[in-house]
Amino acid sequence: MRVSYHPGYVVPLPPRHAFPMAKFSALHDLLIAEGVIRPEGVVAPREADWGDLLLVHTTRYLDALATGTLTRQEERRMGLPWSEALVTRSRRAVQGTINAMTMALLDGVAGNLAGGTHHAMPDHGEGFCVLNDVAVALRVLQRSGWLRRALVLDLDVHQGNGTAHVFGGDRAWPAGGVYTVSVHGANNYPFRKPPSTRDVGLPDGTGDDAYLATLSPLLPEVLAEADPDLVVYLGGVDVVADDRFGRLALTRAGLAARDRFVCETVRDAGVPLCLLLSGGYAARRAPGQAPKTLARQTADLHATMYRQAAAVYGDDSGRTNLTPTPSTGPAAEPRLGMAMDGSGPAFPLRRPPA
Amino acid sequence: MIRSALLALALALPLAGQAQVDASIVPEDAPDWLTMEDAIATAQGEDKIVLVYGYAAWCGYCARFDADVFTDDAVQAYLAENYAPVRLDIEGADSLQFFDARVTGRELGGAMGISGTPSNVFVDTDGSLITKLPGYTDPETFLYALQYVREEAYETTPFDQFIAARRTGLSLEQAMGDLVAPPREETEAQ
């Protein structure tokens, strides 16, 4: 399985900040150590093009990010203090998702060891999300003819408000667009939830059985309804009990069962699968416990999705046996001519000059 | 939260049976009180403001504040959406994590300049103090205070005028008449 990752996914935050930034590098190291991914399967993204970001975000917001002129209120809403490194990092993560989606179309399954920043809105960031990688990447791939329809399966415990907002205009399904599904804690942030194509709000304290009983009929149903060229899976691990921000109560076994079910169902449907992290905020810190331990615990939870995917798809780091089956239309003929060994620049997805 | 509930219980036990005020007993229909660390994390992740409610166990007005104000439905609804609330025993000897400082409740209360109870202190997600609201207030005034801070109305409007505007249902500009030049043009002109 090929994945996007860059050491620059980790940038400094103020001490004791709530966001476990070190989880990205910890996840990479863990997956390499376990052999779930191999060094040659790790593709380092460059920074996403400003022009690509404009497919979703406003000029005003991108300008404020580029020049460091966000207001204090905007910064507070984002939940992360602005820095040049943060903007670079966020652009890298967006390109990582563009690459991961493309690799998924080529290989059948791929992922980004970051991404799923589904709260970011066109004109502002919120909830630790600066740029909406899901929305930008889907728009880029649609524009370049790599896919027509996609299913966003958002199982992060928080509703995917940014993604729902962006693709709200696509709700006239199946006109050709993005079908968004969000299964989340009903009482969780965000307070205002713009409608996804399908929203399922779960009560506080929902455990393994009730969660899986909700998901089992839902996923085949939306797969049939959406008939997508690609499934984008936001496998947030903040559904587990004692996540700092979650309100559900899944066990580790429940999380593994969820991810296993998603991988198997999507594979059996013959649709390429792109894995994105989204939220995960580990357990509450015991007094005296180092922040690094928390990041490692979070990374270990995020690794579940990749372990399950490797088990379901096989651990072949390059192509899997699954042939991508973008049914008809422009996505049928991948036309990528560049090596993606991680050494060179990230592959271009821009149109040839007209 | 569990820890703070246990703490409250532990503090309450020695006093059980005594017919005296104990503001460390949290009423059942209280808001979702968080630990300091969780409150800061929640504020950072969910765009909320940390509300530190400074109390002392023996403080009669604190018990009233708990009983009258924090149980108010409108206050609770607004708190749930906009604030990450924490109870701070300003005589507390247990240590807690406030950003990168490990301090006792007594030390933190002192550092925040809480000189009497009840006191509500509004803290931004970077640890800076926004403002303080000392003393007992009725639920309506407290709700306005929560709105005043959240909406950053203090940038342009004195609190009493803000309250007057809310009570009459007028816009701030209408309530303040000609007293204030439109502030937007000033900020845009810089």
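Proteins get letters first, then strands, A, B, ... in listed order; numbering begins at 1 in each. The basis for the numbers below is simple: all heavy atoms, side chains too, and nothing from hydrogens, waters or symmetry mates.
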Y78(B) atom OH, over 12 foreign heavy atoms within 6.0 Å: yes
Spatial distance of atom CD (Q44(B)) from atom CG (L13(A)) [nearest 0.5 Å]: 9.0 Å
Flag if over 12 foreign heavy atoms under 6.0 Å of CG, D73(B): no
Worked check of side-chain contact (heavy atoms from CB on, under 4.5 Å) between E81(B) and R192(A): CA-CA 10 Å; E81(B) 186 165 354; R192(A) 285 178 194 80; 2.8 Å; yes
Closest non-hydrogen atom pair between D100(B) and R16(A), with its separation: CA-CG, 3.9 Å
Partner chain A: residue of A80(B), A43(B), G127(B) with the largest heavy-atom pair count (under 4.5 Å): A80(B)
Options E126(A), Q73(A), H119(A), ranked by heavy-atom pairs under 4.5 Å with chain B, top entry: Q73(A)
Residues of residues 200-211 of chain A within contact distance of chain B, non-hydrogen under 4.5 Å: none
No-hydrogen, no-angle side-chain donor-acceptor test under 3.5 Å, T125(B) and R72(A): yes
Y281(A) side, atom OH; D38(B) side, atom CG - distance, nearest 0.5 Å: 14.0 Å
Smallest separation among heavy atoms of A41(B) and R244(A), with atom names: CB-CD, 3.3 Å
Rounded distance (nearest 0.5 Å) linking atom CZ of R76(A) with atom CG of D124(B): 4.0 Å
Side-chain heavy-atom pair F191(A), E46(B) within 4.5 angstrom cut-off: no
